[in-house]
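Residue numbering restarts at 1 for every chain, and letters A, B, ... go by the order of the sequence lines. Not measured: the values here are computed from a predicted model.
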2 protein chains.
Amino acid sequence: MPPSPASKRQKTTSSSSSSPEPPYELLYWPGIPGRGEHIRLCFEATRTPYTDVVNASKSNMPQLTSLISDTNIGDATNPPPLAPPVLRHGKLLVSQTPNILLYLAPQLGLAGPEDDGTAIYHVNQLALTALDGLSNEAHDTHHPVATGAYYEEQKAEAKKKAEDYVAKRLPKFLGYFERVLQSGASKGGEYLYAGVLTYADLVLWQCLDGVMFAFPKALGKMREGGEYGKVFGLHERVKGRKEIEEYLGSERRMKYSRGIYRHYPELDAE
Amino acid sequence: MPPSPASKRQKTTSSSSSSPEPPYELLYWPGIPGRGEHIRLCFEATRTPYTDVVNASKSNMPQLTSLISDTNIGDATNPPPLAPPVLRHGKLLVSQTPNILLYLAPQLGLAGPEDDGTAIYHVNQLALTALDGLSNEAHDTHHPVATGAYYEEQKAEAKKKAEDYVAKRLPKFLGYFERVLQSGASKGGEYLYAGVLTYADLVLWQCLDGVMFAFPKALGKMREGGEYGKVFGLHERVKGRKEIEEYLGSERRMKYSRGIYRHYPELDAE
């Protein structure tokens with residue numbers, strides 16, 4: 001049923017040409033999961049065809065670079081994006097990771113129960129919080145001073161930042177999501193909201209996976225400690241869904257390297 | 001027409017008891033503008049009655065602290081919030097600044113043209129980008145290492161971070177919004193999107209106002225340079241709207257102090 005990796009990246013709706021819906025096209029840096037991974041996971045978890053434009057062919061890179069060029073002033077309907085990921089859906093261009101997720105989720109069935117008009121605000125709250133604490137702050141541990149400079153130029157500051165992150169911030173955010181999973185609003189704690197898979201679960205899963213890669217010792221201790229059992233349970237539950245399992249075993253899932261999540265042993269727990 | 005400051009803070013729909021709509025209640029730290037200011041500005045710009053719960057009476061503080069307590073597990077429909085601001089609207093609790101704005105904007109007429117189903121995603125993109133670069137990063141200039149520690153404990157790192165922020169990041173974000181205002185999608189460049197006031201304009205205004213307070217020399221030079229004429233023009237335009245002008249002259253507008261935006265002369269441009 002799922003398209004092959006190649007077809008998934010290079011083709012989109014060609015096999016369903018009867019559909020008037022434009023294809024979903026993700027524009028992101030090639031070769032790394034990065035922030036684009038949150039978008040990919042929504043497509044993969046729902047087996048929605050999409051094109052990962054620059055990974056499909058590096059020759060498509062100018063499509064991305066022209067969009068984020070500091071001379072791009074957008075067009076008659078779309079403001080320019082500042083940075084990738086960018087989603088192209090027909091004539092619509094949308095950027096900012098949580099915003100792309102917000103746009104896609106209702107279309108992909110990842111926005112919570114449809115009969116609840118407020119679900120999207122709860123799901124969005126949870127996704128934004130995971131991105132704040134477990135993606136943006138995780139990134140800042142290796143780039144606390146200057147995003148545009150090398151890690152090697154800010155190692156001393158990174159060491160301090162990472163110590164605070166592991167000691168204070170990670171427990172704060174993991175503890176928060178543990179409480180969310182204890183909440184009546186989670187309807188049982190299998191997923192973050194209303195007992196069903198939403199994009200907030202996929203965001204949290206990716207964020208946890210990233211910090212487990214970056215800080216394996218610290219996260220290993222937290223896992224063993226048992227204090228965040230529901231959070232790590234959710235990580236296993238999402239990973240075990242057959243669409244996700246298949247995706248993770250495919251070549252479409254890229255390896256962490258020097259992106260948001262970086263493993264520097266000197267920044268991990270002692 | 002606008003309610004008095006006192007009634008605005010302490011009462012909400014009591015004067016319109018025929019309306020079945022629950023009151024809008026903002027829960028945020030008292031005495032500082034902070035992230036709550038983005039929410040206040042939406043209410044003020046549209047003369048929408050709201051209660052600023054903890055500013056109305058410090059005795060209401062437990063309403064906020066119990067919500068963000070690390071023992072709060074939410075309720076049957078609302079996950080717990082991690083941090084303020086929190087919006088209470090009847091039984092609904094929503095947190096995360098951009099999420100509260102997203103919820104309020106269609107109700108307050110600040111989400112762009114109604115006939116355009118995609119406007120909210122453009123407006124949300126612009127608001128998220130302003131918050132990223134001109135609020136979160138501005139905060140990090142004085143707290144680059146540890147959010148929970150004092151500025152005085154991280155002054156050396158803050159000096160480096162602020163230098164990078166003023167030299168690289170501020171021009172990047174101001175340049176971005178200058179291009180947004182040149183975009184055809186802005187419909188003339190008076191406001192960020194579609195020629196009408198949206199919450200993205202209010203967010204950008206507050207962010208600019210904050211960085212102008214924190215870095216008066218740096219922003220003064222950028223203003224004189226003329227490169228960001230449309231951005232500073234938008235700042236003046238929003239400030240000159242009669243609802244905003246009146247709000248800024250009222251006691252409801254609080255002074256910056258030791259919140260997100262802090263003026264440390266040693267962090268400003270030389």
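- Note that the CG atom of A:Asn72 and the CZ atom of B:Arg179 stand 6.5 Å from one another [nearest 0.5 Å].
- Only the backbone of B:Thr77 comes within contact range of chain A, with at least one heavy atom under 4.5 Å from a heavy atom of that chain.
- Counting heavy atoms from C-beta on, the side chains of A:Leu82 and B:Leu128 never come closer than 4.5 Å.
- The most heavy-atom pairs under 4.5 Å with chain A, out of B:Ser186, B:Ala162, B:Pro81, B:Ala158, come from B:Pro81.
- Between the side chain of A:Asn99 and the main chain of B:Tyr121, a donor-acceptor pair closer than 3.5 Å is present.
- Using modelled atom types, one side-chain atom of B:Gln125 and one backbone atom of A:Pro80 make a donor-acceptor pair closer than 3.5 Å.
- Contact count against chain A (heavy-atom pairs under 4.5 Å) is highest for B:Arg169 among B:Glu163, B:Arg169, B:Glu137.
- Ranking A:Ala149, A:Ala146, A:Ser95 against chain B, the residue ahead of the rest is A:Ser95, based on heavy-atom pairs under 4.5 Å.
- For B:Leu92, the part sitting under 4.5 Å from any heavy atom of chain A is the side chain, from C-beta outward, and nothing else.
- No more than 12 heavy-atom neighbours from other residues, nucleotides or ligands sit within 6.0 angstrom of CD on B:Glu227.
- B:Ser183 places a side-chain N or O within donor-acceptor distance of the main-chain N or O of A:Ile73, the cut-off being under 3.5 Å.
- Interface summary for chain B: among A:Gly175, A:Ala76, A:Gly74, the most heavy-atom pairs under 4.5 angstrom belong to A:Ala76.
- Under a 3.5 Å cut-off, the side chain of B:Lys161 and the backbone N or O of A:Pro144 do form a donor-acceptor pair.
- Contact check for B:Leu126 versus A:Gln96: no side-chain heavy atoms found under the 4.5 Å cut-off.
- Of the two parts of B:Phe173, only the side chain, counted from C-beta on, holds a non-hydrogen atom closer than 4.5 Å to a non-hydrogen atom of chain A.
- Neither the backbone nor the side chain of B:Thr141 comes within contact range of chain A; no heavy atom of the residue lies under 4.5 Å from a heavy atom of that chain.
- Heavy atoms closer than 4.5 Å to chain A are found in both the backbone and the side chain of B:Asn78.
- A donor-acceptor pair is defined here as one N or O able to donate and one able to accept, closer than 3.5 Å; no such pair exists between the side chain of A:Tyr165 and the backbone of B:Val145.
- Distance alone, capped at 3.5 Å, places no donor-acceptor pair between the B:Lys160 side chain and the A:Gln154 backbone.
- For B:Lys168 (side chain) and A:Gly148 (main-chain N/O), no donor-acceptor pair under 3.5 Å exists by modelled atom type.
- No more than 12 heavy atoms of other residues, nucleotides or ligands sit less than 6.0 Å from atom CD of A:Glu114.
- You'll find the side chain of A:Pro79 stays beyond 4.5 Å of the side chain of B:Leu192, heavy atoms only.
- Your options are A:Lys172, A:Gln182, A:His122, and the one with the most heavy-atom pairs under 4.5 Å with chain B is A:His122.
- The greatest number of non-hydrogen atom pairs below 4.5 Å with chain B, out of A:Thr118, A:Val94, A:Leu102, is found for A:Leu102.
- Ranking B:Thr147, B:Ile120, B:Leu181 against chain A, the residue ahead of the rest is B:Thr147, based on heavy-atom pairs under 4.5 Å.
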